[in-house]
Amino acid sequence: MQRPLAFRTQHRLRSAPEFERVYRQGIRAGDALFGISALKNDHGHARLGLSIGAKAVGNAVRRNRLRRVLREHFRHAKIELPALDIVITARPGARHAPTEAVSESIVRLLSQIRKRCR
RNA sequence: GGAGUCGGCUAGGCAAUCGCACUCGGCUAACCAACCAGCAUGGAUGCCGGUGGCGUCGGGUGAGGAAAGUCCGGGCUCCACAGGGCAGGGCGCCAGGUAACGCCUGGGGGGCGAGAGCCCACGGAAAGUGCAACAGAAAGCAAACCGCCUAAGCGCUCGGUCGCAAGACCGGGAGCCGGUAAGGGUGAAACGGUGCGGUAAGAGCGCACCGCGGUCCUGGCAACAGGAACGGCACGGCAAACCCCGCUCGGAGCAAGACCAAAUAGGGAAGCAGGCAGUUCGAAGCUGCGGCGCGCGGCCCGCGCGUGCUUCCGGGUAGGUCGCUUGAGGCGUACGGCGACGUGCGUCCCAGAGGAAUGAUUGUCCACGACAGAACCCGGCUUAUCGGCCGACUCCCACU
RNA sequence: GCUCCCAUCGUCUAGAGGCCCAGGACACAGCCCUCUCAAGGCUGGUACGAGGGUUCGAAUCCCUCUGGGAGCG
């Protein structure tokens with residue numbers, strides 16, 4: 001059995017076509033910090049794609065940190081999520097956002113997505 | 001105690017849980033594999049085992065002083081190359097260090113500071129060509145606008161003396177021919193500076209000191225410094241203007257490059273199949289018709305495009321593997337050197353990903369945490385940066 | 001990651017060491033013309049990305065930053 005909280009390459013979107021598919025056909029939500037797109041997949045579990053430009057966020061250190069925080073959220077939430085491909089895009093509002101604000105925003109956006117998927 | 005200068009080190013700590021990358025060692029029923037060995041078989045392939053993957057458990061390691069900018073220099077790789085030169089780029093006081101450098105160390109010269117110290121692209125302008133707006137007489141070679149002078153030369157004129165007169169002599173004035181560059185004024189910059197002498201007025205015209213120049217001597221590897229006598233000012237600035245001199249540089253970059261290699265299309269080779277007619281001595285070599293497939297079209301006619309199968313070969317795409325971290329390496333120590341650094345010995349292995357690994361939560365402590373994330377690797381420079389610690393030195397105040 | 005390029009009014013641009021407190025076009029503001037608007041005419045404001053250096057003098061030459069953009073799978 002796989003450990004339930006693990007996060008491996010199989011849980012990630014990795015290629016440009018995968019991202020394109022979600023952007024084109026997925027449903028969207030967003031706020032000042034992030035944009036989020038989601039689309040049903042047939043892998044039997046949720047997958048995460050991150051699109052965080054250094055230009056939007058400031059520099060490489062802030063970019064990496066944001067990526068890690070978002071991934072951590074997804075890791076804890078992914079059991080509860082349906083089989084979706086989720087792409088999170090950083091917006092300039094996220095540049096100086098503290099970790100708590102990021103958490104709050106992501107929880108709210110994910111619940112919106114989940115509601116609209118029914 | 002205060003103010004300051006220089007050099008070096010450091011970059012929140014600890015604990016618990018979950019998670020990530022690499023790595024070592026276990027377990028691994030089932031699943032996956034294009035690798036390896038064995039067996040079966042004519043062969044495709046199958047079976048069994050190993051190894052690996054996936055999974056899981058435990059241990060170890062895991063960003064920086066700038067990882068940054070990509071401004072220099074090298075290693076490495078491929079391409080080019082007989083040798084030499086030209087063109088083009090870079091560098092530029094001297095000596096040393098180094099794999100190399102535009103870096104570093106020591107020294108010289110210049111500038112700043114009271115000092116410790118700091119700063120300087122710092123070769124050549126008597127090889128040539130250029131440039132200098134405006135102002136100013138004149139901007140580079142001696143020339144003279146205002147001014148100063150009228151000694152010498154030339155006549156003119158006034159006064160005086162002498163003389164019968166022509167005229168001579170003395171003194172003055174304006175002028176010509178001239179002399180001069182001290183002063184004025186312009187400018188960023190004006191043909192050595194100051195003083196004395198000198199002169200008609202002046203001037204290196206003469207002298208003293210300073211500056212400058214080449215010569216000689218002394219010290220130094222040298223840059224350069226000191227000294228002597230001489231010259232008598234000629235030789236102004238700009239080379240981050242062209243240039244000259246000396247030294248130096250082949251080009252590209254790990255998306256370099258090497259290897260393995262599916263599918264599709266196309267290339268080559270072999271074999272097989274292939275309706276009719278023409279061309280031809282003959283032949284699927286070519287042409288036409290037909291057949292089949294696709295498209296246009298509601299359908300027919302028509303029009304357009306394509307034309308088989310099997311095996312092998314080479315190039316090569318996706319994809320994968322290597323390059324990928326042991327190195328001009330770190331630490332300690334001894335010796336040489338003022339130092340940068342070098343040499344010897346001992347010891348350690350310290351990130352290697354591929355949408356790209358360090359995060360989250362909780363507790364706790366304190367000085368409440370800046371700038372910021374490796375992507376082939378090193379040496380520098382530059383830029384960003386909350387602080388803390390250590391050492392050396394300077395100046396001021398007080399006390400002994 | 002690597003290799004390059006660019007930067008002048010709000011926009012597009014001229015400029016090659018002094019003629020430039022930077023010129024032109026469009027745009028903007030005011031005035032004139034018109035019954036009004038447009039067109040036209042007159043007038044005006046507005047820029048050398050930043051900081052150092054070289055030079056008597058820099059948009060121009062040199063250095064260091066900053067901000068944009070392009071190419072390489």
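All of these numbers come straight from a predicted model, not from anything done at the bench. To find a chain, count down the sequence lines: A is the first, B the second, and so on, and within it residues start at 1.
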- Task: Would you tell me if any nitrogen or oxygen in the side chain of R63(A) comes within less than 4.0 Å of OP1 or OP2 on G373(B)?
- Result: no
- With sequence neighbours left out, what residues match R62(A) under side chain to side chain donor-acceptor pair (under 3.5 Å)? none
- Task: Go through the structure and list residues passing salt bridge (Lys or Arg N to Asp or Glu O under 4.0 Å) with E20(A), not counting sequence neighbours.
- Result: R24(A)
- Would you mind pulling out the nucleotide paired to G167(B), Watson-Crick or G-U wobble, both distances under 3.5 Å? C162(B)
If you restrict it to nitrogen or oxygen atoms, what contacts under 3.5 Å exist between nucleotides 11-21 of chain B and the protein, and what is each distance?
| unit_1 | atom_1 | unit_2 | atom_2 | d |
| --- | --- | --- | --- | --- |
| C18(B) | O2' | R75(A) | NH1 | 3.0 |
| C18(B) | O2 | R75(A) | NH2 | 3.2 |
| G19(B) | O4' | R75(A) | NH1 | 2.8 |
| G19(B) | O4' | R75(A) | NH2 | 3.3 |
| C20(B) | OP2 | R3(A) | NH2 | 3.0 |

- Message: Can you check the distance between A133(B) and U150(B), where both ends of the measurement are the C1' atom (answer in whole Å)?
- Response: 43 Å
- With heavy atoms under 4.0 Å as the rule, sort L13(A) into base, sugar-phosphate or nothing. sugar-phosphate
- Quick one: look up who A29(B) pairs with, Watson-Crick or G-U, both distances under 3.5 Å, and put none if it's unpaired. none
- Note on the structure: The single option from K40(A), R12(A), Q25(A), R21(A) that satisfies side-chain hydrogen bond (donor to acceptor under 3.5 Å, both in side chains) with D85(A) is R21(A)
- Query: Where the side chain of R63(A) meets the backbone of G53(A), is there a donor-acceptor pair that is under 3.5 Å apart?
  - Reply: no
- Item | Any-strand Watson-Crick or G-U partner of C235(B), both distances under 3.5 Å | none
- Query: C289(B) pairs with which nucleotide, Watson-Crick or G-U wobble, both distances below 3.5 Å?
  - Reply: G275(B)
- Task: Using both distances under 3.5 Å as the test, list the Watson-Crick or G-U wobble partner of C101(B), or none.
- Result: none
- If pairing means Watson-Crick or G-U wobble with both distances under 3.5 Å, then the partner of U180(B) is G147(B)
- Task: Determine: side-chain N/O of N59(A) to OP1/OP2 of G373(B), distance under 4.0 Å, yes or no.
- Result: yes
- Item | Residue F19(A), side-chain atoms from C-beta onward, closest of G373(B), A360(B), G355(B) | G355(B)
- Note on the structure: Pairing partner of G332(B), by Watson-Crick or G-U wobble and under 3.5 Å for both distances, is C345(B)
